[in-house]
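First up is the structure itself, then whatever we jot down about it.
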Amino acid sequence: MNALPNFAPPHIVAETRPDGGVFIRSTDPLRPYAASVIHDFRRGSESHPDRDLIAERGADGKWQHMSWGAVRKQVDRVAQGILDRHLEDQPVMVLSGNSIQHLIVMLAAMTVGAPVVSVSVAYSLQSRDHERLRWMAGFIEPGLVYAETDAFADAMAVVTAVVPGVTVIGANFPGTHAAALEAFGAEPTPEVDRRCTALTTDTLAKVLFTSGSTGQPKGVITTHGMLSANQQQIRQAWPFLAVEPPVLLDWLPWSHTFGGSHDLYMVLTNGGTLWIDDGRPAPSLIGRTVRNFVDVRPTIYFGVPAVYSAMLPLLENDDTAADAFLSRLRLGFFAAAALPQDLWDRLERLARRHGAKMQMTTSWGLTETSPAATMAHFPITRSDILGVPLPGMDLLLAPVGDQLELRVRGPNITPGYYKRPDLTAAAFDEEGFFRTSDAAALVDAENPDAGLVFDGRITENFKLTTGTFVRVGTLRPHLLSVSNGLINDAIICGENHTSVTAMVWLTAQHAQRVDAQGVPEPALRRELIDVLNRLAEAAAGSSQHIERLLVLTEPPQLDGGELTDKGYINQRVTRRRRAAQVALLQQEPPPPQVVLRS
């Protein structure tokens, strides 16, 4: 491992305003960056053409590798195919999951200035009614659509019905495979280079859709400059990236900003290698992730809390896999939701047991911040720290009720929402700060270098009849932490009632301990009571402990808007869709499904 440290020390200043708001920024200036990550990719393909850029498992289960030079060759050919069909000024829609071919189509479109729309695979393969996909196709009106396998035939039929003139890669779908993509391409002309050179920081690179937790998804305008600026910000926080190309094993979907902007473009910007993980944080798939560690031995691992929860029991009982995972791992990184403290502690114990020097860290951001706005580029020991503003970022903690809303301004912030000037106007305050609806506070008002602590999502919070606010974003991870691996996720309830309640999903190894009506077996009931009691012992008030809970047996539903394909649960939507079960929590006398704190 290179001698460079993991983190560059932060240099943060904070100024308190008369209204109680706090303006925070880094005094480290943002250094120059390329107009586009595509320019970084093309330079890398010329300086190290034989280095592996991407690998994925083929149908035979063996790793298929593609070098930087080989990817560049295919990208330029597909880019010429786009130019030959005069599609360079129209969106390119990709239905497939993460793959070598997806990467080629994405980079080809971006090379000639065509914006990319990578659609959540869940909208194609898990949805029964394709409502979201149908809406998205009509909203985007793509000029080109690509899907990699026959599994997307129904989804492709939806898109072509909504956009009749759309060009499909592959003459007779189903059958749009690698050969069809090759046939689409052509020998590149100088126009490919000209179009690439003409890219500016303001050129539209992507439209990334939010999860649509309130109404239809919002299409976030993502420019080439936003992506490039954010990678430079990260490089300044993690100096080792300048000399140590990252090696990632990653499953996070490219339809979202974490996997598709943060992780993928870190590899493209810093000359690294991305191994596409065929595992997932699900009981039937997490074993593949653990198996892949033995082959890949990543230098940084990016994951959401659900993946750490799923893989930790396997690593704790498999020294070979744990050694491989930790052997050259600099950073274990989590984002998208708070990491329960018990998972954090177990990861650190695992690292110590194997003599590893891995550090846990995190950042905070949104699709609209492309995505990192703050980063904990200093040692931390608790999982609710959000870090500090990255170089070039202005951050404002603005008073909203009794909380401080995080608002951000900088070169990595979106200019707005695609075809929605109304949403764009509402998203920014009078000083040009983007309103995030996330709340935070300084850990130490006298030492802004100590960073920010998460204080929940303002839009998820609710009031009890006592007038007390319940901060769902902090209570939920506390509940998961004290459950010691018993509870997988939770919906916090109690709005307009006297006390906080919850509906929970159990982890896979405990899910069978309830009957068909959701009644826990006696031993499980005692364990859940113990969880509620431990939470109450650590609580600072009535809004931070839970009086009753109910175990959910039906998984969260994608079509109903309860679940995103990142595994994030929409609290308000789920409470609304499961109103009958929420009502059971308040029923007197409590039905047998409900567990009461003793």
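Count residues from 1 along the sequence. Nothing here was measured: the structure is a model prediction, and the numbers come from that model. Hydrogens, waters and symmetry mates are skipped; everything else that's a heavy atom, side chains included, is used.
In this structure, D429 pairs ionically with R407, as a charged nitrogen and a carboxylate oxygen lie closer than 4.0 Å. A salt bridge links E562 with R578: the closest approach of a Lys/Arg side-chain nitrogen to an acidic carboxylate oxygen falls below 4.0 angstrom. With respect to the salt-bridge test (charged N to carboxylate O, under 4.0 angstrom), the residues D277 and R288 do not qualify. A salt bridge links D295 with R57: the closest approach of a Lys/Arg side-chain nitrogen to an acidic carboxylate oxygen falls below 4.0 angstrom. Remark: D129 does not engage R134 in a salt bridge, criterion side-chain N to carboxylate O under 4.0 Å.
For the pair Y418 and V220, the minimum side-chain heavy-atom distance is 4.5 Å or more. Side chains of D40 and L268 form no contact here, defined as non-hydrogen atoms less than 4.5 Å apart. The side-chain heavy atoms of I492 and F462, taken from C-beta on, include a pair separated by under 4.5 Å.
For the pair K419 and F139, the distance from NZ or CZ to the six-membered ring centre is under 6.0 Å and the angle to the ring normal is within 45 degrees.
Put simply, the side chain of S228 gets close to the backbone of A34: a donor and an acceptor are under 3.5 Å apart. At least one donor-acceptor pair under 3.5 Å links the side chain of S370 to the backbone N or O of N412. Side-chain N or O atoms of N270 include one that pairs as donor or acceptor with a backbone N or O of M266 at under 3.5 Å.
Every residue meeting the side chain to side chain contact (heavy atoms under 4.5 Å, CB included) condition with T273, not counting sequence neighbours, appears here in chain and number order: R51, D52, W275. Under the ring-ring contact (aromatic ring centres under 6.0 Å, His included) criterion, H102 pairs with W254, sequence neighbours left out. Under the side chain to side chain contact (heavy atoms under 4.5 Å, CB included) criterion, T553 pairs with V514, not counting sequence neighbours. Shown here are the side chain to side chain contact (heavy atoms under 4.5 Å, CB included) partners of D89, two or more places apart in sequence or in another chain: R195. Residues satisfying the side-chain hydrogen bond (donor to acceptor under 3.5 Å, both in side chains) criterion with N98, sequence neighbours excluded, are absent altogether.
The salt bridge (Lys or Arg N to Asp or Glu O under 4.0 Å) contacts involving residues 76-85 comprise R42-D76, R72-D76, R77-E182, R77-E187, where partners must be two or more places apart or lie in separate chains.
Closest approach of D250 and F302 over heavy atoms only: OD1-CB, 3.8 Å. For L208 against T367, the heavy-atom pair with the smallest separation is CB-CG2, 3.7 Å. Heavy atoms only, all atoms of each residue included: N292 and W63 are closest at OD1-CZ2, 3.6 Å. Heavy-atom minimum distance, S96 versus E148: OG-N, 2.5 Å.
Here F333 and H262 bring their ring centres to under 6.0 angstrom of each other. For F325 and Y301, the distance between ring centers is under 6.0 angstrom.
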Go through the steps to decide whether E131 and Y123 satisfy the test side chain to side chain donor-acceptor pair (under 3.5 Å), and finish with yes or no.
-> CA-CA 8 Å; E131 179 184 352; Y123 297 163; over 6 Å; no
